[in-house]
Structures are given as C-alpha cells and as structure tokens.
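Keep in mind that the numbers below use all heavy atoms, side chains included, and drop hydrogens, waters and symmetry copies. Naming convention: chains lettered A, B, ... in sequence-line order (proteins, then strands); numbering from 1 in each chain.
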Amino acid sequence: MFKDRVDILLAGLLLVCVAAGVALLIGGGSQASQLNPSLDKAIARDMTYQAKVSFLERLYAPVNELQQNGKYEAALLKLDELSRNYPNEAHGELLRGEILLRMQVIPQAVEHLAKAVRLSADYVDRQSPLSRRSLIDQLIANQLPKLKAKALAQENASLQKTLQNLYYLQGRLAGGCE
Amino acid sequence: MYLLRLILLGSLALLAGCQGSSDRPVMKIGYMNCNSAEETMERFQPLTKYLSDKLNVEFQAVPVDTQDFAERFAGGEFEFAHTNSLVYLILHEEQQATLLATEKRGNYGSHTAGAIISKKGSGIKKIEDIKGKRVIFGPQLAPSGYLAQYDLMLRNGIDPELDIAYYAIPTGSFKHEKVVYSVYFDQFDVAAVPALDLELMTRAGKVTADDFNILGQSPTFPYCTFSARKDVDADLVKKFRQVLVDLTEPDTVDYQGETLKVLASAWINGFEALADSDYDQLREMAKRANMPPYQEF
Amino acid sequence: MRDALRDPQTWLVMLAGTVLGICGVWLAVLGNPQNSGICVSCFLENSAGALGLHDNPRMQYLRPELIGFVLGSTLSAFSFKEFSSKGGSAPMQRLLSGIFLIVGCAVFIGCPIKLFLRLTAGDWTALPGLFGLVVGVWLGLKGLEVGVGLGAAKKQFGGSGYWTPLLFLLLLGFLLLRPGFILFSQRGSAAEAAPVLLSLGISLLIGFLAQRTRFCITGGLRDLLMIGLRAQLFWGLLLFVLLAFVGSLVSGNFTPGFYGQPGAHLDMVWSFLGMLLVGAISVLIGGCPFRQLIKAGEGDADAGLVVIGMLLGAGLVQSWQLAGTAAGVPLYGKVAVVAGLAFFILNLLLFRERDIA
C-alpha cells in the first residue's frame with residue numbers, strides 16, 4: 001500500500017486528521033452542549049411538550065370544572081365557544097367525546113374520541129400525561145359487543161360508521177408501529 | 001349555413017333534454033318551514049335536486065307551515081315529508097307515515113334536546129327557582145323548544161299553567177333566537193331554548209357560554225325527520241332512505257348553474273336511519289305534556 | 001426435497017429461520033412494539049427520525065437491531081473470509097429502489113418479516129399483503145425471465161464496500177453515547193423498545209446467521225416458485241413462520257381477526273399493492289430489505305446504496321406522510337405506490353437485454 005513518498009505523505013496527513021478529530025471530540029466534548037445548546041434537542045422538545053400540556057390544561061380548565069360538577073350541557077357550550085378560536089383542536093375533540101360519553105350519547109362520543117386520537121396519538125399513549133387509555137378501553141369493552149350484535153341484527157350505515165371508529169380505537173390501543 | 005345547423009342542433013338537444021325530464025314521475029316533498037318559506041326553499045332545493053338525480057324521480061320541494069303540515073299531508077298533497085320529530089309522530093300516528101331517516105346536526109348528532117336557561121347573575125340558578133317567573137317558550141309544535149321544556153318542568157313538579165307568572169311565545173320568524181335574546185335583554189326571566197340553537201349561537205359568537213345558567217336539559221330525542229306517505233312504493237322508500245344515509249359532506253349537486261355541497265346547503269351534517277322505537281322517548285314526553293298526537297281533552 | 005434436507009446448509013438455513021421466528025416474537029415481548037419485534041422498514045423509519053431525517057416525534061429511535069444485522073453480517077463475513085468489497089451496477093436505480101421499497105412497506109405497515117409476524121399473530125389484514133408479495137415476486141421473476149437484470153456487483157477498487165459497515169459502526173457509537181443531536185422519542189411506538197444490549201446481541205446473532213445462510217424472505221418465495229421444495233431458503237422461511245406462530249401462541253399475542261389489530265389498516269387493495277411493489281423490486285435488486293442490510297454488511301456497496309435509499313425513503317414517508325396508519329392509507333401514499341410500480345416497469349423496459357429473451 002505504501003509504495004512511494006506520496007503514499008507515506010497521504011497516510012501521515014490522514015493520521016493527523018483522525019488524531020485532530022479524536023482530540024477535538026475528547027477535549028471539546030464537555031463544552032459541546034454549552035457552545036451550542038440547541039443541539040440538545042431532547043430538552044427543547046420536552047419543554048415544548050410540557051408547555052403544550054399546561055396550555056391545554058389552562059385553556060380547557062373551565063370545561064373541566066363544569067364537567068367535574070356534572071354540568072355537561074354548559075361544558076359543551078364552553079367547548080363550542082372555544083372552538084371558535086381553536087377549531088378541530090384535538091384536546092377539544094377529546095373533551096367533547098368524554099362529555100358526550102358521560103351523557104350516554106354514544107355514537108357522537110365515539111366519533112369525537114376517534115377524531116381526537118387521529119389528530120393526536122397522545123390519548124392512547126401509556127406515557128403521556130394526556131393519556132385516556134383506560135377511558136377508551138372501557139368504552140370498547142362496554143360498547144363493542146353491544147354494537148356488534150346490533151349491527152348483525154340491522155343494516156345501518158351510521159351504526160357501521162360507529163363500529164369502524166370503535167375498531168380504529170381498538171387498533172390504536174393494541175399498539176404496534178405507527 | 002353553419003349557424004343554421006348550430007341552431008337546429010341546439011334545439012334538438014333542448015328537446016331531448018325536455019323529453020328526458022318529463023319521462024320521470026313527479027313527486028312532491030313537503031318541507032316544514034323553520035323561519036320562512038324562502039329560507040326553506042333555499043336550504044332544501046339543492047337536496048331535492050340531488051334526490052331527483054339519484055332516484056330518477058322529478059321531486060318538487062313544497063314549503064309548508066308547521067301548523068298546516070298534518071292536514072296537507074293527510075290531503076295527499078305530498079309523498080314525502082321533512083318535519084320536526086313531533087310532527088313526524090303526528091304523521092306516523094294519524095297517517096301511518098313511514099320513517100325514512102333522521103337529520104344529524106350539532107353535538108348530539110341525530111338527536112337533540114331542550115334546555116331551560118336564565119341569564120347569569122339573575123339569581124335563577126335551579127329549575128325550582130322559575131316558579132313565579134316570566135317564561136318564554138318556542139313555538140308550540142317545537143319538540144326541543146316547547147315540549148321538552150314543558151315536560152321537564154312537569155317532571156320537576158312545576159305546572160307551567162299554574163306555577164309561573166306567565167308564559168309567552170314569540171311571533172314571526174327566528175323564534176328560537178328571539179327566545180334567547182328575550183332573556184339576554186331581560187325581557188323575560190327564563191327561556192325554553194333548543195340545545196342546538198344555543199350551540200349554534202355560541203359557535204357563531206352571538207352569545208357566550210358564560211351568558212346563561214342552564215337550569216335543566218331534557219333527555220335527547222330524535223331531530224328533524226324524513227318520512228313517506230304509506231302508499232309510496234316500498235322500493236322507492238328504501239332507495240330514498242339509502243340515498244339520504246349515504247350522503248356525505250363532499251357530495252355535490254349541480255343546481256342553477258352552480259355546483260353546491262348538498263349537506264352544507266341544507267345546514268345538515270348527515271342522516272341516520274333510526275328505528276321508530278327511537279322516538280319512544282319523545283312519545284312519552286308528548287303523553288305527559290298532553291300534546292298531539294296523544295292530546296286528551 | 002430429500003436432497004435439500006440432506007444438505008447441512010439447509011439445516012443452517014432452518015436454524016436461521018428458527019432464530020428469526022423466536023426472536024421476532026421475543027423482542028416484542030421484551031418491549032418492541034406489538035407484532036414488530038423485527039421490522040426493517042419500521043426500524044429504518046425510527047432510525048431516520050433519530051438522525052433528524054423526519055420530525056415525527058413518535059418515530060425517533062436509533063434501533064439497535066438494524067446495527068446488529070449489519071455488523072453481525074460483517075463479523076460473519078470477516079470470520080469466514082467472505083468480506084468482499086464489490087458493487088458498481090446501476091447505482092441510481094438501486095438508490096431509488098431503496099426508497100420505493102420503504103414506500104411499499106410503509107403503505108402496508110411493515111417489511112416482509114413483519115408481514116409474517118403480523119400473520120402469525122392472527123392479523124388477517126396482512127393476508128392481502130402476503131398475496132401481494134407473492135405476486136410481486138412472481139412478477140419480478142417474470143422480469144428476470146425476459147432478460148431484465150441490473151447487472152451483478154463486481155469487485156471494486158477503492159474499498160467502497162467498507163462504508164456501510166462503517167456508517168453502522170458510527171450509528172452504534174451514537175446509540176451508546178447518545179449525543180444531543182440524536183433524537184429519542186419519549187412517546188409513541190418508537191418509545192417502545194427492548195433493552196438495548198439484548199436487542200444488539202440478538203440482532204448480531206441474526207445478522208451472523210443470515211450472512212452464513214443468505215436468508216431472505218423474498219428469496220425464499222422466489223426459490224419456491226422457481227425450484228419448488230428443493231429450495232433451501234423456503235425451509236428457513238417455513239421454520240421462521242412456524243416458530244413465530246408458536247411464539248405468538250405461547251406469549252399470548254395470538255389474537256385472530258380483521259379488526260382491532262395493532263399497526264394495521266383495512267385498505268386491503270393498498271396492502272396488496274404495497275407488498276407487490278416490495279416483492280417485485282426485491283427480486284430485481286436481489287433481496288428483501290433485510291437481505292439488503294446483510295449484503296451491505298458483507299461489503300456489497302450496491303446493497304449499501306439500497307440501504308441508504310431505504311434510510312432516505314424512511315425519512316420521506318414520514319415527512320411527506322405517505323405511510324399507512326390505523327386510519328388507512330393517505331392519498332399521497334397511494335400515489336407513491338403507483339409511482340413505485342411505474343418505476344419498476346420502467347426498469348423492466350430499460351434493463352432488458354432483448355437478445356437473451
């Protein structure tokens with residue numbers, strides 16, 4: 001490989017480059033994040049996510065309060081009001097589904113919950129502070145057998161749509177790659 | 001020569017077009033007026049045209065006042081009817097009208113509800129507080145603007161005929177909005193308002209959720225309903241229902257030189273094929289409130 | 001068939017299939033996403049995200065399995081003096097093939113290995129994918145029959161075959177040292193992972209065995225169509241499927257049905273077409289996505305380019321939202337599959353040696 005002076009010169013230069021690179025990594029490694037804090041994307045992303053969660057909590061606090069006091073109709077109205085500024089926002093859809101579920105308006109509840117999960121998979125995540133896994137799990141356990149039996153008994157496009165939404169939610173709860 | 005040929009061809013095409021449409025049977029659909037005949041026609045003409053195209057029947061839209069509906073339907077004036085759910089019950093009980101599909105709109109989809117509201121800060125916070133107060137209702141045949149609230153009061157031990165100072169019904173069009181504004185501008189203490197209208201007004205920014213106390217809300221029951229006269233061909237009824245149920249948001253119709261979204265034009269989100277038994281909740285309400293078609297004197 | 005079973009190489013292939021089947025299920029039990037114990041395309045999408053090639057915060061993780069497959073293959077190739085730096089045939093076509101392989105996989109939701117993992121876990125929505133894969137392999141074979149070929153890799157001057165193993169060595173460094181610019185999801189399927197060292201160990205073993213045996217999913221199907229039960233690779237594939245099925249039963253993950261399946265959708269036509277694209281291209285370039293990793297590990301720079309293409313494609317399917325989800329296949333995903341099929345047909349036209357046919 002090293003047949004002449006050019007080879008030896010090039011090999012030497014290569015060694016210098018490699019050594020310089022290693023030296024930079026070892027010597028400057030500890031300063032890297034201080035020099036360029038934007039490189040630590042995990043922290044920035046975590047902060048953005050926390051900000052999103054606390055914004056949602058703040059934005060929908062009146063809805064949650066009304067819901068906790070059992071004032072479901074007023075909570076829905078508050079959501080209608082908020083939807084003027086935040087139309088089709090995932091958390092609003094989730095809360096609407098949750099309230100309609102408590103009011104036993106099942107097809108609409110399922111539709112809004114499925115829409116919320118389509119917009120943001122946070123709601124089926126185990127790790128997310130916004131997770132509603134247990135609520136959705138319970139909904140499927142309670143409603144899927146009933147709706148399946150009903151769909152067998154009668155041909156109804158609306159019922160099929162609700163069933164498809166429930167299957168979608170069931171699939172998302174089952175996990176797998178996204 | 002070229003011009004003459006063009007005119008001849010054009011005339012032939014026109015004749016062929018006329019021939020095509022006159023071959024189709026003509027049927028009428030009666031649409032219950034919400035606010036005015038003009039508004040009804042504007043909303044439902046595109047849907048009617050869509051149904052004509054899909055079912056190969058020349059449907060004609062007829063606007064009908066609520067109080068005249070049962071009589072004109074009984075007189076055989078139209079084959080199909082689009083009414084509120086209480087008028088459907090009357091048509092079903094008295095004329096054996098066949099249920100087709102129920103309209104979907106608002107938070108409760110194919111269902112709706114009636115709410116009793118007061119102005120925030122009025123001191124009226126519970127349904128019991130309405131005793132001795134001035135109450136405004138929607139029109140008498142409105143299931144979610146009158147019947148539901150009347151029944152709700154009865155079930156809470158309040159007889160609207162005896163226990164409130166007086167009650168009134170607004171005149172003219174946009175009655176449900178007038179009811180809301182009557183409370184908002186302190187003309188009345190309490191209002192009986194459809195949950196849907198309150199929702200639509202809030203979404204439109206006309207009122208806010210914090211303007212009112214919701215004193216109570218009825219259980220949900222089916223919303224506006226398409227039905228058919230009992231002697232209409234069963235196959236056509238089935239197809240009519242299917243066309244309605246299959247309608248989705250992007251579906252369009254060519255109407256008066258424009259391509260319109262059918263559902264959006266009619267202010268509807270979709271249709272659902274409910275069973276007649278889904279109307280039992282409303283039947284019970286009408287019976288308790290001594291309202292048609294179960295009224296006893 | 002008897003001859004095939006007498007050959008010790010067949011038993012080695014069967015051993016590779018067995019290990020892949022068991023580990024495919026086991027890795028999901030250990031923490032990888034459901035039915036995705038091993039999925040080359042999903043893992044490439046995760047890794048592309050970790051490298052910043054797309055911004056889906058739920059799909060970013062430098063999957064150790066990919067690193068293990070490549071480095072395991074390199075280790076085996078060096079151990080048995082089979083490492084050979086070669087390449088040089090149709091580089092751009094191979095790069096683009098890599099992109100379209102991932103398009104097909106992403107629309108289906110999974111590579112051919114995952115297809116069988118899904119099926120053996122009772123996910124019947126993967127059936128159209130299986131039909132699509134078989135038809136795709138058959139179409140690819142028909143292409144070869146009429147004289148289509150991208151050309152064989154030739155021994156190359158300059159050591160181009162070393163670059164892919166070196167790249168994965170660098171990724172191994174990133175995985176272990178976790179510098180700030182490498183992204184790791186905190187939520188979503190990329191946050192579901194088996195322990196790093198265990199995944200690495202298992203995948204090194206699989207990579208090693210796959211290099212020794214030339215194990216390949218589409219290769220197994222291709223050989224079955226060509227020479228029937230004498231095909232060694234088919235026996236490996238059969239063992240893989242059997243063991244994965246038993247593993248699913250034993251681990252309690254066998255839930256048969258069309259609905260509520262993890263990482264699946266009901267757009268059957270697009271599952272079929274997605275896998276058809278994968279099958280057809282795989283035959284044309286000489287192996288499924290998994291096999292490309294293995295070949296790249298043993299010094300094949302052509303396969304290395306396919307791997308780079310796959311990584312690029314993995315970034316694109318996420319950035320452009322081409323991938324299928326539980327909600328179905330998006331419009332542009334469908335368009336991308338059709339574009340992939342057009343690319344395949346165009347290559348049949350351009351690389352056909354007419355005088356052979």
Side-chain angles (χ1 to χ4, degrees), chain A residues 59-67 69-89 92-115 147 150-151 153-165, chain B residues 101-117 120 125-126 180 193-221 223 238 241-248 269-275 277-278 281:
Chain A
L59 180 70
Y60 291 107
V63 179
N64 285 325
E65 195 186 325
L66 287 164
Q67 195 189 169
N69 294 332
K71 295 181 176 175
Y72 301 134
E73 299 85 6
L76 282 177
L77 270 190
K78 195 72 200 171
L79 275 175
D80 293 330
E81 189 184 308
L82 290 169
S83 73
R84 278 172 60 76
N85 288 329
Y86 302 96
N88 294 317
E89 195 282 309
E93 292 294 330
L94 177 95
L95 290 175
R96 200 180 291 278
E98 217 171 49
I99 294 165
L100 289 167
L101 188 61
R102 290 183 207 282
M103 294 175 85
Q104 288 298 300
V105 186
I106 303 299
Q108 265 58 45
V110 172
E111 191 179 325
H112 287 290
L113 288 172
K115 191 174 173 187
L147 285 171
K150 212 172 159 186
Q154 63 179 99
E155 203 180 305
N156 185 323
S158 308
L159 197 60
Q160 287 300 335
K161 193 181 162 197
T162 307
L163 213 47
Q164 291 303 325
N165 278 329
Chain B
T102 311
E103 202 175 301
K104 289 201 281 188
R105 199 175 171 201
N107 279 328
Y108 307 112
S110 62
H111 284 58
T112 189
I116 301 175
I117 59 168
K120 260 263 162 76
K125 290 178 180 168
K126 303 188 295 293
V180 175
V193 58
L196 177 64
D197 287 73
L198 208 51
E199 176 189 331
L200 295 175
M201 289 175 77
T202 309
R203 279 177 190 260
K206 293 176 179 175
V207 294
T208 71
D210 299 326
D211 289 335
F212 304 104
N213 296 314
I214 298 176
L215 309 178
Q217 187 165 304
S218 73
T220 60
F221 51 84
Y223 187 50
K238 195 177 165 192
R241 180 186 292 124
Q242 202 54 46
V243 170
L244 290 175
V245 170
D246 290 345
L247 252 173
T248 58
N269 296 136
F271 286 94
E272 193 166 336
L274 295 183
S277 57
D278 290 317
Q281 176 79 257

- Task: Could you have a look at A/R96, A/M103, A/K161 and say which one has the most heavy-atom pairs with chain B under 4.5 angstrom?
- Result: A/R96
- Query: Looking at B/D246, B/N107, B/D210, which makes the most heavy-atom pairs under 4.5 Å with chain A?
  - Reply: B/N107
- Message: For the backbone of B/A209 and the side chain of A/E81, can you confirm whether one donor and one acceptor N or O come within less than 3.5 Å of each other?
- Response: yes
- Message: For A/K150, is the NZ atom crowded, meaning more than 12 foreign heavy atoms sit under 6.0 Å from it?
- Response: no
- Item | Where B/A273 and A/S158 come nearest, the two heavy atoms and their spacing | N-OG, 4.1 Å
- residues 104-113 of chain A: residues contacting chain B (heavy atom under 4.5 Å, by number): A/V105, A/Q108
- Message: With a 4.5 angstrom heavy-atom cut-off, is it the side chain or the backbone of B/L198 that approaches chain A, or both, or neither?
- Response: both
- From A/L76 CG over to B/Q217 CD, what is the distance, rounded to the nearest 0.5 angstrom? 8.0 Å
- CD/A/E65: more than 12 non-hydrogen atoms of other groups inside 6.0 Å: no
- Calculate, to the nearest 0.5 Å, the distance between atoms CG and CE belonging to A/L77 and B/M201 respectively. 11.0 Å
- Note on the structure: Turns out that what part of B/N213 lies under 4.5 Å from chain A's heavy atoms comes down to neither
- Which heavy atom of A/R84 sits nearest a heavy atom of B/R203, and at what distance? NH1-O, 2.8 Å
- Query: For B/F212, is it the side chain, the backbone, both, or neither that has a heavy atom closer than 4.5 Å to a heavy atom of chain A?
  - Reply: neither
